[in-house]
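Below: one structure, written as structure tokens.
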Amino acid sequence: MKKKVLFIDRDGTLVIEPPVDYQLDSFEKLEFYPKVFRNLHFIHTRLDFELVMVTNQDGLGTASFPEDTFWPVHNLMLKSFAGEGITFDDICIDRSFPEDNAPTRKPRTGMLTRYIHNEEYDLAGSFVIGDRATDVELAKNLGCRAILLQPDTSILKDTELENVCALATTDWDRIAEFLFAGERIAEVRRTTKETDIHVRINLDGNGTCDISTGLGFFDHMLEQIGKHGGIDLTIRVKGDLYVDEHHTIEDTAIALGECIYQALGSKRGIERYGYCLPMDDCLCQVALDFGGRPWLVWDASFRREKIGEMPTEMFLHFFKSLSDSARMNLNIRAEGENEHHKIEGIFKALARSLKMAIRRDIYHYEVPSSKGSL
């Protein structure tokens, strides 16, 4: 079996990068990145990645960064990791300044030639973990993927780099979960004589939405699922709106539910259950269970015929179709005076319930059922 590698940046990834001078040259500046020990130990002991530290240390060994200020702190850092059972298979340090344009300086690959065009290594299955765009560029140059320690990918100005970035997060818990349990991404295309629908979902996203159904209010409701559920959601619909809204709304629910079902996969480690949420004058409660048995309980009434372009009679139909195709038990109750707030509260409550139910615990990575399957 080919070896996989985690090429891990040091400052800003393993330890907090000191502000102002960006030099970790005293013990007072040494601060470890939150949750790095527990998660890197989990990765080191449970997965088959080699760990390779790759770091630029500008001018190390010159008057601007004397070696006798670097090594004591660096060695204490390594000793601290070793004390937690974490050792690095290789440590690559580039000492050049940015203006030197050295071939060994990240994002160039001069320090890592032993891994390139080497049949022993699976670079396509390897990752660079770091906090800068240059770390993502290093991943691109190596032919692997990147995990970016940023809240999102906004620092990446190049679409090609965005495609290389498999995950953007500031949480080492998420990194360990991603590497251990994998991506939860699914894509569904549903085409009939009445509708043509494309849905893509990433259950472990950041709430990024790209939704167009031809019904503005419906788009607004679907966006609540992504934004408040922390789910990346793309929904593109071409429906027979010249007939009416029925097929567009129903078929979108079917495709979305199927996409959720596929993305959940084996359901190992998920919480399984979720519930919530008040909104202004309305109290909306959505309880759900990804137990594999579709069922809908609907206790919400609407006096208006439409909200926006969306018929209120279709709300029940949407959630029934969603429950069936996602194979989930869905219990929805809502009370209040403002009709807009009521249905928006239901969609937001669904989003928060989804967020709760799909959360994974890799330290208890079992199917949440006494039967052993869902």
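We count residues from 1, following the sequence as given.
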Minimum heavy-atom separation for L14 and L40, please, with both atom names.
CD2-CD2, 3.8 Å
If the threshold is 4.0 Å, N to carboxylate O, is there a salt bridge linking D122 and K3?
no
Single-linkage hydrophobic cluster I185~I358, side-chain heavy atoms < 4.5 angstrom:
no
If you round to the nearest 0.5 Å, how far is CG of L215 from CD1 of I249?
5.5 Å
Around atom CD of E99, are there more than 12 heavy atoms from other residues, nucleotides or ligands closer than 6.0 Å?
yes
Here's one to test your reading of the geometry: is the NZ or CZ of K342 within 45 degrees of the ring axis of F302 and under 6.0 Å from its centre?
yes
Can you tell me how the ring of F319 sits relative to the ring of F347, calling it parallel under 30°, perpendicular over 60° and tilted otherwise?
tilted
Should D232 and R200 count as an ion pair when the cut-off is N to O under 4.0 Å?
no
If you measure from OG1 on T104 to CG on D94, what distance do you get to the nearest 0.5 Å?
3.5 Å
Please test E245 against F218 for side chain to side chain contact (heavy atoms under 4.5 Å, CB included), starting from the C-alpha separation and ending with a verdict.
CA-CA 10 Å; E245 307 86 354; F218 190 32; over 6 Å; no
Looking at R38 and E84, is any side-chain nitrogen of the basic one under 4.0 Å from a carboxylate oxygen of the acidic one?
no
Walk me through whether E183 and R145 qualify under salt bridge (Lys or Arg N to Asp or Glu O under 4.0 Å).
CA-CA 13 Å; E183 297 173 308; R145 294 196 292 168; 3.3 Å; yes
Hey, are Y115 and D90 close enough side-chain-wise for a donor-acceptor pair under 3.5 Å?
yes
Stepwise salt bridge (Lys or Arg N to Asp or Glu O under 4.0 Å) check, R114 with E120:
CA-CA 10 Å; R114 65 178 290 244; E120 293 183 11; over 6 Å; no
Taking only Lys NZ, Arg NE, NH1 and NH2, and the carboxylate oxygens of Asp or Glu, determine whether E271 and K355 approach each other closer than 4.0 Å.
no
From CA spacing to verdict: side chain to side chain contact (heavy atoms under 4.5 Å, CB included), I175, L149:
CA-CA 9 Å; I175 294 173; L149 262 79; 3.4 Å; yes
Nearest 0.5 angstrom please: I231 CD1 to C259 SG, how far?
10.5 Å
Just wondering, do D25 and F65 contact through their side chains at under 4.5 Å, heavy atoms?
yes
Do V15 and L78 belong together in a cluster built from hydrophobic side chains that touch within less than 4.5 Å?
yes
Run the ring-ring contact (aromatic ring centres under 6.0 Å, His included) check on F37 and F81 step by step: do they pass?
CA-CA 7 Å; F37 283 117; F81 277 114; 5.0 Å; yes
Under 3.5 Å, is there a donor-acceptor pair linking the side chains of N39 and D173?
yes
Closest non-hydrogen atoms of I116 and L123, given as atom of the first, atom of the second and distance, are CA-CD1, 4.2 Å
Do the ring centers of F127 and F178 come within less than 6.0 Å of each other?
yes
Has E309 got a side-chain atom pairing as donor or acceptor with G216's backbone, closer than 3.5 angstrom?
yes
Determine the minimum heavy-atom distance between S325 and G257, stating which atoms define it.
OG-CA, 3.1 Å
Approximate separation, where rounding is to 0.5 Å, of T248 OG1 and L241 CG
4.0 Å
Just verifying a value: how many Å separate N56 CG and C92 SG, rounded to the nearest 0.5 Å?
11.0 Å
Check the side chains of N141 and T109 for a donor-acceptor pair under 3.5 angstrom, ignoring hydrogens and angles.
no
For atom CZ of F32, is the number of surrounding heavy atoms from other residues, nucleotides or ligands below 6.0 Å larger than 12?
yes
Flag yes if more than 12 heavy atoms outside K29 fall under 6.0 Å of its NZ atom; otherwise flag no.
yes
Should the ring pair W71 and H74 be called parallel, tilted or perpendicular, given that the plane angle runs from 0 to 90° and is split at 30 and 60?
perpendicular
Any chance you could measure Q224, atom CD, to I343, atom CD1, to the nearest 0.5 Å?
10.5 Å
Whether R352 side chain and H228 backbone form a donor-acceptor pair below 3.5 Å:
yes
Taking every non-hydrogen atom, the tightest pair across H340 and N338
N-OD1, 3.0 Å
All heavy atoms of A133 vs all of L161, minimum pair found to be O-CD1, 4.5 Å
Shared ILVMFWY cluster between Y33 and I147, side chains joined below 4.5 angstrom?
yes
Under a 3.5 Å cutoff, is there a donor and acceptor pairing between the side chains of N206 and T208?
no
Is K106 salt-bridged to D9, cutoff N-O under 4.0 Å?
yes
Give a yes or no on whether the ring-centroid distance for F42 and Y363 is below 6.0 angstrom.
yes
Are H198 and E187 close enough that a side-chain donor and a side-chain acceptor fall under 3.5 Å?
yes
Assess, by modelled atom type and distance only, whether the side chains of E313 and H317 contain a donor and an acceptor separated by less than 3.5 Å.
no
Check the side chains of R108 and N101 for a donor-acceptor pair under 3.5 angstrom, ignoring hydrogens and angles.
yes
Quick one: are Q57 and F70 in side-chain contact, heavy atoms under 4.5 Å?
yes
Does R272 form a salt bridge (Lys or Arg N to Asp or Glu O under 4.0 Å) with D289? I'd like the steps, not just the answer.
CA-CA 6 Å; R272 177 177 167 178; D289 172 20; 2.5 Å; yes
For D204 and E177, what are the C-alpha separation, side-chain angles and deciding distance, and is it a side chain to side chain contact (heavy atoms under 4.5 Å, CB included)?
CA-CA 10 Å; D204 304 301; E177 177 191 339; 3.7 Å; yes
Criterion salt bridge (Lys or Arg N to Asp or Glu O under 4.0 Å) on K306 and E339, from CA distance to verdict:
CA-CA 10 Å; K306 285 189 174 184; E339 306 278 81; over 6 Å; no
Report the residue from L6, L51, V52 that forms a side chain to side chain contact (heavy atoms under 4.5 Å, CB included) with F88.
L51
Please name the pair of heavy atoms, one in T169 and one in D171, separated by the smallest distance, quoted to 0.1 Å.
OG1-N, 3.1 Å
Check whether Y365 forms a cation-pi arrangement with R268 (NZ or CZ under 6.0 Å from the six-membered ring centre, at most 45° off the ring normal).
no
Taking atom types as modelled, is there a side-chain donor on D100 or S96 under 3.5 Å from an acceptor on the other?
no
Any luck finding a side-chain donor-acceptor pair between D251 and T195 under 3.5 Å?
yes
Contact check, side chains of W298 and F315, non-hydrogen atoms, under 4.5 Å:
yes
Determine the sole option in Q23, R105, R95 for which the side chain to side chain donor-acceptor pair (under 3.5 Å) test with D58 is passed.
R105
Check the pair E119 / K2 against side chain to side chain contact (heavy atoms under 4.5 Å, CB included), numbers first and verdict last.
CA-CA 7 Å; E119 291 299 320; K2 289 187 176 183; 3.6 Å; yes
Can a side-chain donor-acceptor contact be found between D210 and T234 if the only test is distance below 3.5 angstrom?
no
